[in-house]
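Keep in mind that this is a model prediction, so the values were computed, not measured. All residue numbers refer to positions in the sequence shown, counting from 1.
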Amino acid sequence: IDASYRRTKNYQQEVDFILRRVGNNPGRKIVIDVACGSGRHAELLSKSGFEVYGVDLNDGMLRLVKKNLPNARVFKQDMRHLNVPVKADVLICMYNSINYNYSYAELSHTLQRFYDHLKPGGVVIFDTAFMEHTWKPGPFSVETITTPEFEVARVNKSSRRRSFGIVDIVFVIFEKGRKKIVETENKIFLPERERLLTLMKQIGFETKVYFDFSDKKRSGIVSVFVGRKER
């Protein structure tokens, strides 16, 4: 999965967007990267002078973060119970990870944890392409990835179950002469945009929605939610 993301996502565009929202504040700068994966956003933010605190539930991803960013501090935690011993200038939760809150109650609790981990004037940024009005059950699709170390075929089929999007995924992996087949069902919550904005405002965020990590677009595939904590 990480190889697919790194091949297809424009991480630099997303990080440039994040930096424009934060501004060039002097002094110590801290980012908390929630559901950080292998830490590609964090790597680029580190190059811009941020101290990195990475949070994820996957041990393998956290090992990759430490490999790629030895100075990062990592925490194995669920975002709904975020508890990191620092206040951040910016907290990010990228690439649809916010959809793993499975109700508005969970979303509200998570957003409150985000708010509590920001400095006054700090910024939360999360993105999703998957909301109640945008989810469309997808056709059967196949993606292939070839690297010097391995070859992978990823087969996807998506559907909808009430307020949830369901993606059935099968990986066929060839590595060092061995074949491995992994099947998984990915379940995500599909919130309504306005209700999500209302939750953010109730917690205390000043909110704005952008699209596709652009400052100017008025619509797009990816909604990028930005919330600023009062100073």
Checklist entry - Quick one: does Ser108's side chain get under 4.5 Å of Gln202's, heavy atoms only? => result no
Item to check | Connected via hydrophobic side-chain network under 4.5 Å: Leu62 and Met79 | outcome: no
Checklist entry - Under the 6.0 Å and 45° cation-pi test, does Lys157 pair with Phe140? => result no
Next on the checklist: Between Arg178 and Glu175, does any NZ, NE, NH1 or NH2 come within less than 4.0 Å of an OD or OE carboxylate oxygen?
Outcome noted: no
Checklist entry - If you round to the nearest 0.5 Å, how far is OG of Ser38 from NZ of Lys67? => result 10.5 Å
Checklist outcome for this item: Tightest non-hydrogen contact, residues Thr134 and Ala129, listed as OG1-O, 3.0 Å
Next on the checklist: Apply side chain to side chain contact (heavy atoms under 4.5 Å, CB included) to residues Val84 and Gln77 and explain how you reach the verdict.
Outcome noted: CA-CA 9 Å; Val84 178; Gln77 292 180 3; 4.0 Å; yes
Item to check | Distance, nearest 0.5 Å, that separates NE2 of His109 from CG of Leu82 | outcome: 9.5 Å
Checklist outcome for this item: To the nearest 0.5 Å, atom CG of Asp127 lies from atom CD1 of Ile18 at 8.5 Å
Checklist entry - Ring centres of Phe174 and Phe150 under 6.0 Å apart? => result no
Checklist entry - How far apart are the C-alpha atoms of Leu19 and Leu45, what are their side-chain angles, what is the distance that settles it, and do they pass the side chain to side chain contact (heavy atoms under 4.5 Å, CB included) test? => result CA-CA 8 Å; Leu19 292 172; Leu45 287 167; 3.8 Å; yes
Checklist entry - Between Ser158 and Lys136, what is the shortest heavy-atom contact and its length? => result OG-O, 4.0 Å
Item to check | Between OG on residue Ser46 and CG on residue Asp33, distance to nearest 0.5 Å | outcome: 11.5 Å
Next on the checklist: Please list all pairs meeting ring-ring contact (aromatic ring centres under 6.0 Å, His included) that have one or both residues in residues 198-231, counting only residues at least two apart or in different chains.
Outcome noted: Phe17-Tyr210, Phe17-Phe213, Tyr115-Phe205, Phe126-Phe225
Item to check | Approximate separation, where rounding is to 0.5 Å, of Ile203 CD1 and Thr198 OG1 | outcome: 11.0 Å
Next on the checklist: Please verify the inter-ring angle class for Phe189 with Tyr104; under 30° counts as parallel, over 60° as perpendicular, anything in between as tilted.
Outcome noted: perpendicular
Item to check | Candidate pair Arg21 and Asp215, rule salt bridge (Lys or Arg N to Asp or Glu O under 4.0 Å), full reasoning | outcome: CA-CA 10 Å; Arg21 305 286 77 77; Asp215 294 345; 3.0 Å; yes
Checklist entry - NZ/Lys76 to CG/Leu57 distance, rounded to the nearest 0.5 angstrom? => result 7.0 Å
Checklist entry - Are Val155 and Ile181 joined in one hydrophobic group, where the rule is that I, L, V, M, F, W and Y side chains link up if heavy atoms are under 4.5 Å apart? => result yes
Checklist entry - Is Ile166 close to Pro137 at the side-chain level, that is, under 4.5 Å between some pair of heavy atoms? => result no
Checklist entry - When hydrophobic residues are tied together by side-chain contacts of less than 4.5 Å, even through go-betweens, does Leu196 share a cluster with Val209? => result yes
Next on the checklist: For residues Val167 and Val182: do they belong to one hydrophobic cluster (side chain heavy atoms under 4.5 Å, members Ile, Leu, Val, Met, Phe, Trp, Tyr)?
Outcome noted: yes
Checklist outcome for this item: On a heavy-atom basis, the closest approach of Lys87 and Ile30 is O-CD1, 3.6 Å
Next on the checklist: Using the side chain to side chain contact (heavy atoms under 4.5 Å, CB included) definition, which of the options Ile92, Val74, Val65, Val55 pairs with Cys36?
Outcome noted: Val65
Item to check | Selection residues 182-201 - residue pairs positive for salt bridge (Lys or Arg N to Asp or Glu O under 4.0 Å), sequence neighbours left out | outcome: Arg161-Glu185
Checklist entry - Can you name the closest pair of heavy atoms from Phe164 and Leu190 and give their distance? => result C-CD1, 3.8 Å
Next on the checklist: For Val31 and Tyr53: C-alpha separation, side-chain torsions, deciding distance, then whether side chain to side chain contact (heavy atoms under 4.5 Å, CB included) applies.
Outcome noted: CA-CA 6 Å; Val31 58; Tyr53 290 73; over 6 Å; no
Checklist entry - Is Lys180 atom NZ crowded by more than 12 heavy atoms from other residues, nucleotides or ligands, each under 6.0 Å away? => result no
Checklist entry - For Ala72 and Lys66, which heavy atoms make the closest approach, and how far apart are they? => result O-NZ, 2.7 Å
Checklist entry - Yes or no on side chain to side chain contact (heavy atoms under 4.5 Å, CB included) for Asp16 and Arg20, after CA distance, side-chain angles and deciding distance? => result CA-CA 6 Å; Asp16 288 344; Arg20 290 195 299 273; 3.8 Å; yes
Next on the checklist: How close do Leu118 and Lys229 get, counting heavy atoms only, and between which atoms?
Outcome noted: O-NZ, 2.9 Å
Next on the checklist: Applying salt bridge (Lys or Arg N to Asp or Glu O under 4.0 Å) to Lys119 and Asp89, what does each step give before you reach the verdict?
Outcome noted: CA-CA 6 Å; Lys119 299 176 182 177; Asp89 298 271; 3.0 Å; yes
Checklist entry - Do the side chains of Phe114 and Val86 join up, straight or via other hydrophobic residues, at under 4.5 Å, putting them in one cluster? => result yes
Next on the checklist: Looking at Lys217, is its backbone amide N or carbonyl O close enough to the side chain of Asp212 to form a donor-acceptor pair, meaning the two atoms are under 3.5 Å apart?
Outcome noted: no
Checklist entry - Do any pairs count as a salt bridge (Lys or Arg N to Asp or Glu O under 4.0 Å) and have a residue in residues 94-114, sequence neighbours left out, and if so which ones? => result Arg80-Glu106, Arg113-Asp116
